[in-house]
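For clarity, every value in this text was computed on a predicted model and none was experimentally measured.
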Amino acid sequence: QVQLVESGGGLVQAGGSLRLSCAASGRTISTSAMGWFRQAPGKEREFVATVSWNGGSTLYAESVKGRFTISRDNAKNKVFLQMNSLKPEDTAVYYCAARLSTVRSTNVYDYTYWGQGTQVTVSS
């Protein structure tokens, strides 16, 4: 069993930056592909970014490509999402998720473990 806890969310003005962290406990995530997803009010949960087990491969949603960067520190059992040039449409609850696989995925149903989410609000 893996427990995931996100942090780093908050209120920021458009154009600003935030760095989300996801701390894992219970077991190592060093063999797990990890992902970040987000869900805005009234919308379905959507893919944001994913990283392979060793950080060697990443993939981003088109809407965040060039602005967001996913990374991981397996020694610390953590995953990060650096978000730059934030836009009001990035406002959502952001979730960290872990797969029982080393391979990255954009599919929400491929992830077994989820955090409780952290709110990101971008004002215009």
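To the nearest 0.5 angstrom, Ser123 atom OG is 5.0 Å from Gln13 atom CD. Separation of atoms CD (Gln119) and CG (Leu11) is listed at 9.5 Å; rounding is to 0.5 Å. Rounded to the nearest 0.5 angstrom, Thr112 OG1 and Leu100 CG are separated by 3.5 Å.
Counting heavy atoms from C-beta outward, Val108 and Asp110 have side chains that stay 4.5 Å or more apart. Under the 4.5 Å side-chain criterion, counting only non-hydrogen atoms from C-beta, Phe68 is in contact with Asp90.
When all heavy atoms are compared, the tightest approach of Cys96 to Glu6 is N-OE2, 2.8 Å. Pairing each heavy atom of Thr106 with each of Leu59, the nearest pair is CG2-CD2, 3.3 Å. Closest approach of Arg99 and Val103 over heavy atoms only: NH1-O, 2.7 Å. Nearest heavy-atom pair across Tyr111 and Trp114 is O-NE1, 3.4 Å. The two residues Phe80 and Asp73 come nearest to each other via the heavy atoms CE1-CB, 4.0 Å. Nearest heavy atom pair, residue Gln1 against residue Gln3, reads CG-NE2, 3.3 Å.
Checked against ring pair (Phe, Tyr, Trp, His ring centres under 6.0 Å), Phe47 has the following partners two or more places apart in sequence or in another chain: Phe37. With sequence neighbours excluded, the residues satisfying side chain to side chain donor-acceptor pair (under 3.5 Å) with Asn84 are Ser17, Gln82. The side chain to side chain donor-acceptor pair (under 3.5 Å) search around Asn74 returns Arg72, not counting sequence neighbours. Under the side chain to side chain donor-acceptor pair (under 3.5 Å) criterion, Ser32 pairs with no residue, sequence neighbours left out.
Both tests hold for Arg45 against Tyr95: distance to the six-membered ring centre under 6.0 Å, angle to the ring axis within 45°.
Residue pairs meeting the disulfide (SG to SG under 2.5 Å) criterion with at least one partner in residues 24-94, sequence neighbours excluded, do not occur; the list is empty.
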**Request:** Apply side-chain contact (heavy atoms from CB on, under 4.5 Å) to Trp53 and Arg104, showing your working.
**Result:** CA-CA 8 Å; Trp53 68 280; Arg104 65 185 191 185; over 6 Å; no

**Request:** Decide side-chain contact (heavy atoms from CB on, under 4.5 Å) for Thr118 and Val93; before the verdict, give the C-alpha distance in whole Å, the side-chain angles of both, and the deciding distance to 0.1 Å.
**Result:** CA-CA 5 Å; Thr118 185; Val93 177; 6.0 Å; no

**Request:** Mind running side-chain contact (heavy atoms from CB on, under 4.5 Å) on Tyr60 and Thr50 for me, showing each step along the way?
**Result:** CA-CA 7 Å; Tyr60 298 92; Thr50 181; over 6 Å; no

**Request:** Would you sort out whether Arg38 and Tyr94 count as a side chain to side chain donor-acceptor pair (under 3.5 Å), showing the intermediate values?
**Result:** CA-CA 4 Å; Arg38 66 187 181 187; Tyr94 283 71; 2.9 Å; yes

**Message:** Could you go through Ser52 and Asn54, starting from their C-alpha distance and side-chain angles, then the distance that decides it, and tell me whether this counts as side chain to side chain donor-acceptor pair (under 3.5 Å)?
**Reply:** CA-CA 6 Å; Ser52 60; Asn54 62 352; 3.2 Å; yes

**Prompt:** How far apart are the C-alpha atoms of Val48 and Leu81, what are their side-chain angles, what is the distance that settles it, and do they pass the side-chain contact (heavy atoms from CB on, under 4.5 Å) test?
**Reply:** CA-CA 10 Å; Val48 175; Leu81 185 69; 4.2 Å; yes

Solution key, residues 18-29 side-chain donor-acceptor pairs under 3.5 Å, sequence neighbours excluded:
{"from": "Thr28", "atom 1": "OG1", "to": "Ser30", "atom 2": "N", "distance (Å)": "3.0"}
{"from": "Thr28", "atom 1": "OG1", "to": "Ser30", "atom 2": "OG", "distance (Å)": "2.9"}

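A distance-only check finds no donor-acceptor pair linking the side chain of Ser124 to the backbone of Pro88 [under 3.5 Å].
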